[in-house]
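Encoded as structure tokens, the structure appears first; notes follow it.
Letters go in sequence order (proteins before strands), and every chain restarts at 1.
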Amino acid sequence: GAVVSQHPSWVICKSGTSVKIECRSLDFQATTMFWYRQFPKQSLMLMATSNEGSKATYEQGVEKDKFLINHASLTLSTLTVTSAHPEDSSFYICSACTTGRGQPQHFGDGTRLSIL
Amino acid sequence: TQLLEQSPQFLSIQEGENLTVYCNSSSVFSSLQWYRQEPGEGPVLLVTVVTGGEVKKLKRLTFQFGDARKDSSLHITAAQPGDTGLYLCAGEYGNKLVFGAGTILRVKS
């Protein structure tokens, strides 16, 4: 149980393109979803926290107009990288959890984004 | 800002050797989690420690949470090539996870 599916697994696109990444909880309702960014051989850096039906909370230094997050249902959150540039190339990972203190986060398999 | 210092950053050892990875912080965490991540995949939870002083064992892996819940260690006994990967500690603070920098472990046969 507690499977999180992320799509696409990898994407290559031209500079200036907007890219949408989906994160779905397949067998549970995710009241909260998290979006992380990871550079090669580095750790996960939290970008934003999204709660179903409300606006996402972004970490310091993360541009909310650049990284649009929508969490419209209890099983789906999307991250849109708008007007992507080569410096946005990274590994993006989502996680999802249910309500309640101490509930574990379940991670997706990540999306490799390469901007040419 | 809660910081979790993880060491060493990189470890290359021979099969059969033992190793320990450390995570330290000046902050108190409600729980601490250890993950293992393969290239191109998301992190996979190995264990969660909650109580200060808690010790958990998972086959050849032993996890310990410090008494003050500010630090933790992962000890691997008789490492095998299949243990190769990125190991991450993460402290739970509020509803967020604060990740350490990670330890890249390479076990040579």
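- Interface remark: of the candidates A:Asp109, A:Thr32, A:Val4, A:Asp109 forms the most heavy-atom pairs closer than 4.5 Å to chain B.
- Cluster membership for B:Leu45 and B:Leu88, using ILVMFWY side-chain heavy atoms within less than 4.5 angstrom, is shared.
- Within 6.0 Å of NZ on A:Lys64 lie no more than 12 heavy atoms contributed by other residues, nucleotides or ligands.
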Using side chain to side chain contact (heavy atoms under 4.5 Å, CB included), reason through A:Glu59 and B:Lys96 one step at a time and then give a plain yes or no.
CA-CA 11 Å; A:Glu59 295 300 302; B:Lys96 300 179 184 179; 2.7 Å; yes
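- No continuous path of hydrophobic side-chain contacts links B:Tyr35 to B:Leu105 [ILVMFWY only; heavy atoms under 4.5 Å].
- With rounding to the nearest 0.5 angstrom, the NZ atom of A:Lys41 is 7.0 Å from the CZ atom of B:Phe10.
- Here the CG atom belonging to B:Asn95 is positioned 4.5 Å from the CZ atom belonging to A:Phe34, to the nearest 0.5 angstrom.
- No more than 12 heavy-atom neighbours from other residues, nucleotides or ligands sit within 6.0 angstrom of CD on B:Glu5.
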Pair B:Gln37, A:Gln38 - check side-chain hydrogen bond (donor to acceptor under 3.5 Å, both in side chains), show working.
CA-CA 12 Å; B:Gln37 186 181 21; A:Gln38 185 178 32; 2.8 Å; yes
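- Ranked by heavy-atom pairs under 4.5 Å with chain A, the list B:Pro39, B:Gly40, B:Ala90, B:Ser31 is led by B:Gly40.
- Highest contact tally toward chain A, considering only B:Gly100, B:Ala101, B:Gly102, is held by B:Ala101 [criterion: heavy-atom pairs under 4.5 Å].
- For B:Leu97, the parts lying near chain A are the backbone and the side chain together; criterion is any non-hydrogen pair under 4.5 Å.
- For the atom pair CD of B:Gln9 and CD of A:Gln42, the computed distance is 9.0 Å after rounding to the nearest 0.5 Å.
- Residue B:Tyr22 places its OH atom among 12 or fewer non-hydrogen atoms of other residues, nucleotides or ligands, all under 6.0 Å distant.
- Contact annotation: the side chain of A:Ser43 never approaches that of B:Leu86 to less than 4.5 Å [non-hydrogen atoms, C-beta and beyond].
- Counted within 6.0 Å of NZ on A:Lys55, heavy atoms from surrounding residues, nucleotides or ligands total 12 or fewer; the atom is thus considered open.
- For A:Ile93, the part lying near chain B is the side chain, with the backbone staying farther off; criterion is any non-hydrogen pair under 4.5 Å.
- A chain of hydrophobic side-chain contacts below 4.5 Å, direct or via other Ile, Leu, Val, Met, Phe, Trp or Tyr residues, connects B:Val49 to B:Leu58.
- Annotation: B:Arg106, atom CZ; neighbour count of heavy atoms from other residues, nucleotides and ligands within 6.0 Å does not exceed 12.
- Residue contact with chain B, scored on non-hydrogen atoms closer than 4.5 Å, involves the backbone and the side chain of A:Gln105 alike.
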